[in-house]
Amino acid sequence: YGVLRRLRQSRPFRFLTPHLPQVVRKTGLLLATRPVRRHDAATADVVNSLRPVQRQQTEQLSRLLGRAFPEWRTLYGSDSG
């Protein structure tokens, strides 16, 4: 699958893609990608490691814009999604 993914992202393939029949493009997409269901992916470790970085960036943005972002619930640990 890695080879197909790299092929899809190559410049020659991107140039040729519009000229390929739709069925070939769809088949290639099915072979080169794997659907991921959001609820099956473990994200807690990623969220926990990124949250402090995003908080710092958000504090800088808040100072720059003079406003807060309370609607960004995951930033403050109350992810309901």
Side-chain angles (χ1 to χ4, degrees):
Y1 290 112
V3 172
L4 290 174
R5 181 178 51 83
R6 284 193 300 274
L7 176 64
R8 273 187 70 225
Q9 295 172 347
S10 71
R11 181 173 286 176
F13 188 79
R14 286 191 310 237
F15 175 76
L16 292 174
T17 299
H19 307 289
L20 295 173
Q22 183 71 22
V23 68
V24 172
R25 292 191 307 232
K26 282 186 177 184
T27 303
L29 183 63
L30 290 173
L31 291 173
T33 60
R34 177 176 47 107
V36 176
R37 294 187 322 183
R38 180 177 183 202
H39 297 292
D40 290 346
T43 59
D45 291 340
V46 175
V47 169
N48 291 333
S49 67
L50 291 178
R51 187 174 282 142
V53 174
Q54 286 286 224
R55 281 185 182 156
Q56 182 182 12
Q57 292 172 340
T58 302
E59 288 170 10
Q60 293 172 351
L61 182 63
S62 293
R63 285 193 300 274
L64 181 67
L65 298 179
R67 67 161 286 214
F69 297 91
E71 64 273 16
W72 294 354
R73 296 183 312 260
T74 57
L75 184 65
Y76 303 106
S78 58
D79 181 16
S80 62

Q) Out of curiosity, does W72 fall in the hydrophobic cluster containing L50 (side-chain heavy atoms, cut-off under 4.5 Å, transitive links)? A) no

Q: Flag yes if L16 and V23 sit in one hydrophobic cluster, no otherwise; membership is Ile, Leu, Val, Met, Phe, Trp, Tyr, and two members link when side-chain heavy atoms are under 4.5 Å apart.
A: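 No: no chain of side-chain contacts under 4.5 Å links L16 to V23.
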
(Q) Please report the interatomic distance CG(L64) to OG1(T58), rounded to the nearest 0.5 Å. (A)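 L64 atom CG to T58 atom OG1 measures 12.0 Å (nearest 0.5 Å).
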
Q | Shortest non-hydrogen contact from Q9 toward R14 | A |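 In this case the closest contact between Q9 and R14 is O-NH1, 3.0 Å.
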
**Q.** Closest contact, heavy atoms only, V53 versus S49
**A.** CG2-O, 4.2 Å

Q.
Does atom CG (N48) have a neighbourhood of more than 12 heavy atoms from anything else shown, all under 6.0 Å?
A. yes

Q: Go through the side-chain N and O atoms of R51 and Q54 and say whether any donor and acceptor fall under 3.5 Å apart.
A: no

Q) Side-chain donor-acceptor pair under 3.5 Å between Q60 and Q57, yes or no? A) no

Q | Set of residues satisfying side-chain hydrogen bond (donor to acceptor under 3.5 Å, both in side chains) with respect to R37, sequence neighbours excluded | A | D40

**Q.** Row check, F13 ring normal vs R11 NZ/CZ: under 6.0 Å, within 45°
**A.** no

Q.
So does V24 get a backbone contact from the side chain of T27, meaning a donor-acceptor N/O pair under 3.5 Å?
A. no

Q.
Looking at A68, is its backbone amide N or carbonyl O close enough to the side chain of S62 to form a donor-acceptor pair, meaning the two atoms are under 3.5 Å apart?
A. no

